[in-house]
Each structure stands twice: as C-alpha cells, then as structure tokens.
Amino acid sequence: MEGQFRRPKWCSAPRSPERHKSQLRALGNEADERSWEVLDKSVYTVGRHETADFQLQGELVSRIHAAVLQDVEGERYLVDLKSTHGTFLESKRLKAHEPVKWPEGQMASFGFGPKAVFMVLGSMGEVAPPAKRPKTEPQVIDDPMASLYGDLPEASIVNTAPKVAETKVQPLPTPTKDPTRVIFLDIDGVLRPLHSRQDAFQNTRTIEINGARVPLLGSSEAKAGVDFWPSAMRALRFIVQKTEARIVLSSDWRKQEVLKEGIQSAFEEHGIPDLYSSTPDLDQATPGVIKTLHSSFREKRCKEIRKWLKANPKITHFCAVDDVDLSMPDKASLKSQDSDVFLDPDKEFVKTNPVVGLTMEISKLVICYLNGTEPSEEILSAVFGEPTGIITKA
C-alpha cells in the first residue's frame with residue numbers, strides 16, 4: 001500500500017464472514033455507480049488502479065487511495081493511504097494511516113467538492129423478526145367493561161405546550177417581465193437526489209423519467225417535488241433574491257406537465273417566483289424537419305441553452321446549474337464542429353455534486369456569475385477547496 005502502511009495487529013478476517021457481510025456502494029459519479037461485497041478479507045483497497053479491490057473512476061481519486069479494514073468481530077474501519085485529495089467521513093478529513101471506525105450508513109468521500117466520489121457502507125443481512133409477545137393467563141372479571149379496558153394503565157394528565165402557529169415563507173417580490181439575467185436550472189442532482197429512495201414511495205403513484213422514478217403526491221393530479229432538498233430550495237431562493245434572475249427550466253422535467261406542476265408547487269412553498277420559461281427540446285422534430293443529431297447528452301443540453309439565448313437577445317448574464325459537466329466536451333464532442341456550444345465554467349456554468357445538490361456555497365458563486373462580479377478566494381475555496389478538519393480513531 002502507499003506510504004508503507006502497516007496493517008494493525010487487530011486487523012483480520014471476521015470470525016463469521018457470512019453473518020457480518022456488508023455492501024459497499026459508490027455514488028456521485030454517473031460513470032462509476034457500482035457496488036461490492038465486503039466479506040472475508042481483512043483488507044480491501046480503494047482506488048482507481050486496476051489492482052484495487054474497489055476500483056473507482058474520478059480525477060480526485062488516487063491510484064491506491066484508501067483501504068477498508070476488518071476485525072475479527074466484523075467491524076469496519078476506513079484508513080487514508082496518504083492520498084493526494086484526502087479521504088473524508090461525514091465531511092471530516094481522516095489523518096493518513098490512522099484507521100477510523102466506519103459505521104453502516106455513514107457517507108465516505110474520496111476527494112472533496114463537486115468532483116468527489118462518495119461511498120456508503122450498508123448491511124446485507126436480513127432484519128431480525130420482531131419478538132413475540134409473551135402469553136398471559138386469562139383473568140376472570142365480572143365487570144364486562146373491565147374485560148375490555150381493565151388491563152390498561154390508569155390515564156395521567158400531561159400538560160402540553162401550546163401549538164406554535166406555522167409561519168409561511170414570504171414570497172419574493174414580483175420579478176420583471178423582461179429579465180436580463182436567467183438561471184438555467186436542472187432538477188435531478190440539483191434540487192433532489194439523483195437516485196431518490198424508491199422504497200419510500202412503494203404505494204405512491206410515480207412517473208419515470210430517464211430511468212428514475214419520481215413520486216407524485218397530493219390531491220387529484222398529484223404534485224412531484226415532494227423529495228426536493230429544503231437546503232437546495234433555500235439556496236435557489238437566495239440566488240433569485242440577490243440577482244432578481246428568472247428561472248428557465250433546462251431539465252428533462254420540462255417534458256412532462258405533471259412534473260412542471262410539481263416544480264411550481266415547490267417554488268410556491270418556498271416563496272420562489274414561477275418558472276419563466278423552458279429550453280427547447282431538440283429531440284422533438286417538427287413535421288417535415290429532420291431530427292437534430294447530437295454527439296452527446298452534454299452537447300444537446302448546451303445547444304438547447306444556446307438556442308433559447310438566441311431567441312432572447314436581451315439576456316446579458318446567465319448561469320446554468322447542472323450536475324452534468326456542461327463545460328467539458330467528451331471525445332465524441334471534440335470531433336464535432338459545434339464544440340463551441342459548451343459553457344464557460346468561469347462565468348456561465350456551475351456543477352453540483354449530485355449527492356448533495358445545490359448548496360449555499362455554490363449559490364454564492366452563481367450570484368457572482370449572474371451579477372457579473374469576480375468571486376472572492378473565499379467563495380472559490382468553499383466550492384472547490386478542501387476542509388481542514390482532521391479526525392482520529394476513537
């Protein structure tokens with residue numbers, strides 16, 4: 001391993017591997033969403049090298065970045081192997097070569113910021129059945145009402161605090177009809193989880209979009225948007241408040257009216273003005289017109305944004321917020337004659353991490369782009385830099 005890391009004496013294969021086996025799942029990088037079993041090895045390596053047990057693809061991931069250790073009781077520990085961009089548990093950086101206990105369900109990140117790769121450790125074991133209630137001998141009671149309520153404890157009076165009246169978010173001022181600033185907004189990975197918990201909506205009407213199920217809740221034609229991150233909605237409201245920019249929907253959610261209604265409902269709840277417009281859909285061919293060909297999804301989305309801007313020449317400043325990198329042409333796009341359609345990451349585009357979405361730190365950078373001001377080093381460091389907090393093994 002890197003940096004001459006020596007395995008601790010307590011590190012060994014679990015006494016009962018099948019009983020303690022877990023699943024490790026990678027998140028946050030659309031090209032590398034994979035899962036592995038943690039079973040009967042004492043040490044599993046993590047990195048981008050082909051010899052790593054858990055191979056990750058990401059520019060912040062070192063060749064052999066970190067390791068997952070086990071002890072005889074099946075407890076898991078995460079250790080950083082002097083990686084370049086660091087290993088983090090719950091946003092706290094691990095000190096190199098010092099194993100830290102990794103509880104199930106806790107998020108680990110390899111690198112920090114929008115380009116980090118995340119992993120979650122989860123149990124694969126079956127949930128134990130609920131314990132049976134002990135049988136009690138029947139009692140002979142003369143009072144027929146006592147047979148129903150006689151075994152219940154005596155009621156006690158509890159003083160409760162008065163109910164606090166709900167406070168509604170005050171809507172922002174009515175925006176101008178002819179804006180000069182716009183936000184091109186994606187939804188999945190920006191306002192909601194890229195892969196929302198599907199088990200939470202087992203008995204709920206859903207609609208499928210790009211392979212992901214979107215829950216629809218509410219009266220009659222229900223509203224999507226129930227799983228939007230409140231923190232992301234607050235960050236979006238902050239952008240609109242500081243820039244008076246209008247929101248143009250660039251997400252594939254614009255293709256379904258029921259999804260757009262859900263967005264409007266979520267905006268109303270958080271006091272955000274209604275959607276101003278949507279980008280054109282280049283996949284929809286007008287009768288008699290040949291369907292537009294694109295070398296990649298990135299290129300298509302950028303072309304849709306550019307086409308909307310061409311039809312709205314009064315726009316002086318814009319910023320696209322998306323979990324897909326609209327500034328990075330892939331190999332196929334570089335061969336295209338339209339490679340100049342991609343967005344400038346220094347003034348036109350900000351990428352979110354799909355695991356956490358739009359944050360208040362990212363919103364401050366978007367505000368700078370929309371207002372035409374230079375972002376400070378503090379803002380850039382908050383979005384792209386690394387925290388300094390260090391933790392050691394408990």
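The analysis underlying the following values was restricted to heavy atoms, covering all of them including side chains, and did not include hydrogens, waters or symmetry mates.
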Q. Is Met107 reachable from Leu60 through a run of I, L, V, M, F, W or Y residues, each pair having side-chain heavy atoms under 4.5 Å apart?
A. no
Q. Val324 and Trp229: same hydrophobic cluster, using ILVMFWY side-chain contacts below 4.5 Å?
A. no
Q) Taking atom CG of Asp274 and atom CD1 of Ile263, what is their separation to the nearest 0.5 Å? A) 11.5 Å
Q: Group every Ile, Leu, Val, Met, Phe, Trp and Tyr by side-chain heavy-atom contacts under 4.5 Å, then state whether Val72 and Val43 land in the same group.
A: no
Q. With distance as the sole criterion, is a donor-acceptor pair present between the side chains of Asp53 and Thr45 under 3.5 Å?
A. yes
Can you give each donor-acceptor pair under 3.5 Å made by side-chain atoms of residues 360-375, sequence neighbours left out, with the distance rounded to 0.1 Å?
| from | atom 1 | to | atom 2 | distance (Å) |
| --- | --- | --- | --- | --- |
| Glu361 | OE1 | Thr359 | OG1 | 3.4 |
| Ser363 | OG | Met360 | O | 2.6 |
| Tyr369 | OH | Pro345 | O | 2.9 |

Q) Which value, rounded to the nearest 0.5 Å, describes the distance between Thr279 atom OG1 and Arg301 atom CZ? A) 7.5 Å
Q) Is the shortest distance from a Lys or Arg side-chain nitrogen in Asp252 or Arg254 to a carboxylate oxygen in the other one below 4.0 Å? A) yes
Q) How far does SG of Cys319 sit from CD1 of Ile239, to the nearest 0.5 angstrom? A) 7.5 Å
Q. Distance from Leu121 atom CG to Leu78 atom CG, nearest 0.5 Å?
A. 9.5 Å
Q: Could you point out which residue of Trp102, Trp10, Tyr44 forms a ring pair (Phe, Tyr, Trp, His ring centres under 6.0 Å) with Tyr77?
A: Trp10
(Q) With a 4.0 Å cut-off on N to O distance, would you call Asp325 and Lys351 a salt bridge? (A) no
Q: Could I get the full list of side chain to side chain contact (heavy atoms under 4.5 Å, CB included) partners for Thr180, not counting sequence neighbours?
A: Thr316
Q.
If I take atom NE2 from residue His85 and atom CG from residue Asp80, how far apart are they, to the nearest 0.5 angstrom?
A. 12.0 Å
Q) Using 30° and 60° as the class limits, which term best fits the ring planes of Phe54 and Trp36: parallel, tilted or perpendicular? A) tilted
Q) Parallel under 30°, tilted from 30 to 60°, perpendicular over 60°: which one fits the rings of Trp308 and Tyr276? A) perpendicular
**Q.** Interatomic spacing from CG in Leu282 to CZ in Arg306 - rounded to 0.5 Å
**A.** 13.5 Å
Q) Going by an N to O cut-off under 4.0 Å, is there a salt bridge joining Lys21 and Glu18? A) yes
Q: Identify the heavy atoms of Lys82 and Ala96 that sit nearest to each other, and give their distance.
A: CG-CB, 3.7 Å
(Q) Please evaluate residues Glu257 and Lys260 with respect to the criterion salt bridge (charged side-chain N to carboxylate O under 4.0 Å, His left out), reporting the C-alpha separation (whole Å), side-chain torsions for both, the decisive distance (0.1 Å), and the verdict. (A) CA-CA 5 Å; Glu257 282 302 319; Lys260 290 173 67 176; 3.7 Å; yes
**Q.** Nearest atoms (heavy-atom pairs only) where Gln55 meets Arg34
**A.** O-NH1, 3.4 Å
